[in-house]
Amino acid sequence: MLSTDAQFRNVLERADVAHFFTQLAGANPSNTAEFEDRYRQYVISKYGTLTIFGIDLTDRSHAEWPLDAAYLSLEASGSEDPIGSRPPDGLATKLQGQAQPADRALAGHERVLLRGVAGSGKTTLVQWLAVSAAKQELGEHLGHLQGRIPIVLPLRTLIRYGELPLPAEFLAAVRSPLVGIQPEGWVENILATKRGLLLVDGIDEISERDRERVREWLRELMLAFPGNMWLVTSRPSAVTDSWLSSEGFIELSLHAMGRSEVAAFVHRWHTAAISTCRDDEEIKRLAVYESALITAIRTKQDLGRLATNPLMCGLICALHRDRRGYLPAGRKQLYDAALSMLIARRDRERDLDVRLDEESQIQLLQKLAYWLIKNGQVEMDRADALDLISAALPAIPSVAELGTPSQIYNYLLLRSGLLREPVQGVVDFVHRTFQDYLGAKAAVEERDFDLMVRNAHHDQWEDVIRMAVAHAYPAERARILNKLIKRGDRTKTHRTRLHLLAMACLEHATELDASVRSAVEERAARLIPPEDHDAAEALASAGPMVLDLLPGPESLTEEQAYAVVLTATLVGSDAALPILAKFRGSTDTSVQDTLVREWRNFDFDQYGRDIIAYLPEDQLFWAYSTKELRFLKELGGRKQVIFNGNAPVDTLRDLFPGDGPTTLGLHENAEIEDLSGFPLGRLENLYLYNCPRFHDLSPLQQSDNLAELSINKMKGLYDLRGLDFLTSLTELSIFQPVAGLALSSLPKNGRLEWLALCEGAVESTGLRGLRDCGTLKTLVLRLRDPGSRGTPVVEDALPVDWGEISAHPSLESIRLDGALLQLLLHSAIQLPRIRHLALDFARGDALTAEESRAITRVFPGLRKVSGYFGDDEIREIENVMPDLEVGDILEPVLRDDRD
């Protein structure tokens with residue numbers, strides 16, 4: 001076949017000829033490989049474009065933009081206490097809790113729960129990962145997707161057809177046109193061979209009743225097919241923090257767009273708009289609009305607070321252009337203007353007769369939106385939409401005269417710009433935000449205030465109620481808010497959620513009875529100070545008005561102080577700066593780290609003068625540009641700095657005064673090759689992460705104080721060149737594959753006491769040469785893909801020489817993941833010198849009685865075992881091993897080691 005002829009494909013590609021291959025009906029692919037290639041091409045075609053809102057109202061095709069050109073990588077971070085398994089204590093890369101590009105944040109994690117607010121880019125990230133995996137053009141940051149087959153599973157679609165699908169039914173459940181030629185057992189084979197990338201999108205888009213079914217479905221799939229990668233997306237409040245904890249999911253949250261991301265988005269939007277424009281004068285105007293809009297977002301706080309996610313930024317760009325530089329003031333006004341632009345102006349600019357006026361279209365769209373909300377759905381069958389339109393026509397005679405329900409439905413689908421058919425016969429809104437906005441308008445017009453308040457504790461109704469307050473008349477607003485706070489007063493279970501929702505609604509209540517406003521603020525004040533991360537996020541959702549209620553650091557606990565600072569930063573307005581400045585003298589590391597991390601999301605100079613300049617000199621500073629390093633140098637330099645960005649060593653040398661820092665991190669630096677000439681006199685800790693050209697450690701021997709070194713995704717250091725010179729090291733972490741004899745490079749006559757071999761290192765070395773490092777006391781081992789504890793690693797596939805440990809003269813503590821523990825327990829080895837065993841299992845993954853007995857055989861000298869154990873697990877372990885101390889994995893090694 002020509003489709004599989006590599007030479008023929010190359011000719012087409014060199015000639016830059018657009019091409020695709022179609023197989024005739026009935027001619028099934030001759031083998032699985034051929035089908036897999038066709039499936040990858042289908043995924044690339046289906047998910048390879050991104051709709052950029054408002055690019056061209058006259059031709060919808062112009063709004064479709066290649067994903068690799070339009071995609072903007074947003075940032076995500078994990079919580080300070082991520083779900084499930086954590087990295088080894090002493091992990092020197094210090095990435096935990098730090099923001100990083102979302103697609104990169106998924107690296108190294110088999111199971112991820114990703115949270116993000118409406119419009120934050122969750123589904124776009126799913127598209128990006130699916131297309132990247134399908135193309136297998138992964139670059140440096142997506143290597144974890146190598147060989148993976150992406151399967152996108154939108155829950156909104158799956159849940160509509162009764163039972164959730166088995167793997168063989170995945171393609172049928174998402175209405176893939178390839179289902180008829182799918183080889184038997186294809187999906188099962190992918191999952192059995194651990195090649196699956198399963199992208200489960202939209203937990204928040206299904207009812208709370210169905211979410212428990214989905215969790216059981218996920219659990220059964222992961223038990224049956226371990227070792228695959230899972231990404232599950234949700235809005236923040238849809239599920240609790242512990243929802244997938246027992247399955248070992250780590251939780252990540254998408255950040256609001258910072259100033260640099262907003263500027264990048266605005267630039268890309270206008271670049272895309274210019275590419276579709278044929279009018280020279282309009283092209284000139286677009287260039288002016290871009291500059292003016294970036295300035296307006298930076299200087300006008302109300303506008304800047306709206307521009308926090310891709311959807312809102314797209315709306316703002318489109319309206320700014322459409323209205324020749326004029327923008328509505330608030331969120332409701334912005335949505336109103338966007339609907340008007342989509343519904344009415346789109347047809348006018350096509351020179352078409354507007355058969356349905358704007359008001360009539362909105363009335364019909366409201367009916368559809370409100371039906372979806374009341375039924376807990378985000379898509380409906382075409383037949384249901386036709387029934388709703390038919391029922392509405394008698395009340396709108398002017399519309400009824402224009403055609404049949406089917407004709408009117410087609411008109412709304414093709415010309416409103418708000419509806420789409422993701423698959424034939426199924427309709428939804430182009431974005432959930434528009435559904436909630438229109439549904440809220442219908443709820444107010446139908447005076448369903450009691451219905452809204454009864455459902456206010458459900459996350460699917462939160463945005464509906466906020467928008468309902470915006471749509472309502474002042475007396476109706478007062479009624480809704482009074483009912484909310486009274487229900488909160490009566491219902492202890494949902495009190496916090498209801499009172500915070502009422503507070504968040506005040507942002508949309510432009511006119512409101514003063515006594516109602518006061519009652520809402522009084523309830524909110526009782527929730528201040530926030531006690532933890534979740535409370536801070538909930539409080540920040542109320543918007544800038546909450547800033548006036550936040551206290552200073554006096555008489556706050558460390559947890560409360562951190563939560564107050566986090567609340568202020570999440571509000572995302574320069575109005576938070578006076579609040580944050582009150583905490584610049586805090587000695588709590590969580591507060592200090594948050595203040596440092598948020599620098600780039602506020603006005604650079606003002607934040608630097610008012611906050612950064614006052615933080616302790618020994619604080620760990622994260623810098624993302626040489627501009628920030630230069631500012632720190634003008635302050636006299638700082639002792640601990642992590643620099644994330646590109647710069648050669650000569651530039652960095654000039655930005656670190658005197659003898660240089662005591663702690664240095666170099667992350668994502670594609671220019672630096674080594675540290676020759678860098679001031680190393682005081683260097684004690686060095687963290688290297690993804691600096692591909694860095695190839696030699698030997699210049700570090702100039703530092704007599706270097707005690708800790710971390711090497712993570714440093715492909716130029718595959719052979720660990722120069723490591724043997726670093727005799728002052730006491731801690732070494734290697735998080736990457738290295739040369740097979742790399743452990744022979746460990747300093748022989750040094751002071752190394754702590755060694756971590758993770759993410760492919762132990763697979764590479766097999767521990768050969770470990771015994772020659774005679775000072776070692778603690779060893780951490782973790783596989784790149786540990787798989788399931790129930791399926792032990794085949795020893796021949798992973799030749800770990802446990803004899804290197806048993807013969808080691810000083811090693812007394814070892815930390816293992818579940819797969820390595822299974823391998824060790826199935827061997828005949830004994831490790832009598834080991835006194836402490838740390839188990840790197842997912843939280844909730846209990847140690848069995850059989851494993852406990854095997855541990856006593858393999859470790860006859862053991863005094864302590866630690867892990868992420870609950871109380872019941874600790875009691876069970878103590879029953880089997882009564883002489884052992886049982887503790888948390890983050891505690892000191894042994895009780896008598898404590899000061």
Side-chain angles (χ1 to χ4, degrees), residues 53-54 57-58 60 315 318-319 322-323 326-374 380 384-420 427-449 452 463-477 480 508 510-511:
F53 186 89
L57 300 178
T58 64
R60 186 179 295 189
L315 280 174
L319 287 168
D322 187 64
R323 294 176 167 233
Y326 167 76
L327 283 171
R331 190 179 298 269
K332 178 185 180 297
Q333 292 79 3
L334 199 68
Y335 289 154
D336 283 339
L339 291 174
S340 176
M341 178 178 64
L342 284 169
I343 291 172
R345 297 178 184 229
R346 190 166 184 269
D347 278 342
R348 286 204 297 271
E349 293 184 17
R350 279 175 152 182
D351 296 325
L352 297 175
D353 293 331
V354 179
R355 297 177 58 195
L356 286 180
D357 60 76
E358 182 177 337
E359 183 178 351
S360 297
Q361 291 187 63
I362 287 178
Q363 285 180 320
L364 292 172
L365 290 167
Q366 285 176 200
K367 301 285 186 185
L368 302 181
Y370 198 33
W371 185 93
L372 288 168
I373 291 166
K374 288 192 291 187
M380 66 172 72
D384 290 328
L386 290 174
D387 288 344
L388 289 169
I389 292 171
S390 180
L393 291 184
I396 319 174
S398 61
V399 176
E401 297 171 357
L402 297 177
T404 66
S406 181
Q407 288 174 316
I408 293 169
Y409 169 83
N410 288 333
Y411 183 93
L412 293 174
L413 181 66
L414 297 174
R415 298 186 182 176
S416 74
L418 290 171
L419 295 179
R420 64 179 180 180
V427 64
D428 66 1
F429 282 83
V430 294
H431 199 280
R432 171 86 173 274
T433 298
F434 292 123
Q435 173 188 308
D436 290 347
Y437 182 77
L438 289 165
K441 192 171 187 293
V444 170
E445 291 178 0
E446 295 184 23
R447 303 182 68 78
D448 278 344
F449 307 130
M452 285 190 284
D463 286 346
V464 176
I465 292 171
R466 293 189 198 195
M467 288 295 99
V469 169
H471 285 298
Y473 289 115
E476 294 169 332
R477 288 176 187 148
I480 295 170
H508 308 287
T510 52
E511 181 182 346

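As the structure is a prediction and not an experimental result, all values here were calculated from the model.
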Using a 3.5 Å distance criterion without hydrogens, assess whether the side chain of [X] forms a donor-acceptor pair with backbone atoms of [Y].
X    : Y    : result
N410 : S406 : yes
E446 : A443 : no
R420 : L413 : no

On a heavy-atom basis, which atom in [X] and which in [Y] lie closest, and how many Å separate them?
X    : Y    : result
G403 : I408 : O-CD1, 3.8 Å
P394 : S390 : CD-O, 3.3 Å
Y335 : L315 : CE2-CD1, 3.6 Å

Side chains of [X] and [Y]: closer than 4.5 Å at any heavy-atom pair?
X    : Y    : value
L393 : P405 : yes
V427 : D384 : no
T510 : R477 : yes
Q435 : D428 : no
L419 : L365 : yes
L339 : L438 : yes
Y370 : V464 : no
E445 : Q366 : yes

Residues 465-475, side-chain donor-acceptor partners within the protein, below 3.5 Å, at least two apart:
{"unit_1": "R466", "atom_1": "NH1", "unit_2": "S541", "atom_2": "O", "d": "3.4"}
{"unit_1": "H471", "atom_1": "NE2", "unit_2": "Y437", "atom_2": "O", "d": "3.2"}

Residues in salt bridge (Lys or Arg N to Asp or Glu O under 4.0 Å) contact with D463, at least two apart in sequence or another chain: R235
Check whether more than 12 heavy atoms from other residues, nucleotides or ligands sit under 6.0 Å from atom NZ of K332, and answer yes or no. yes
Testing the 3.5 Å rule here: is there a donor-acceptor pair between the side chains of D357 and S360? yes
Only counting residues at least two apart or in another chain, list the ones meeting side chain to side chain donor-acceptor pair (under 3.5 Å) with E476. R447
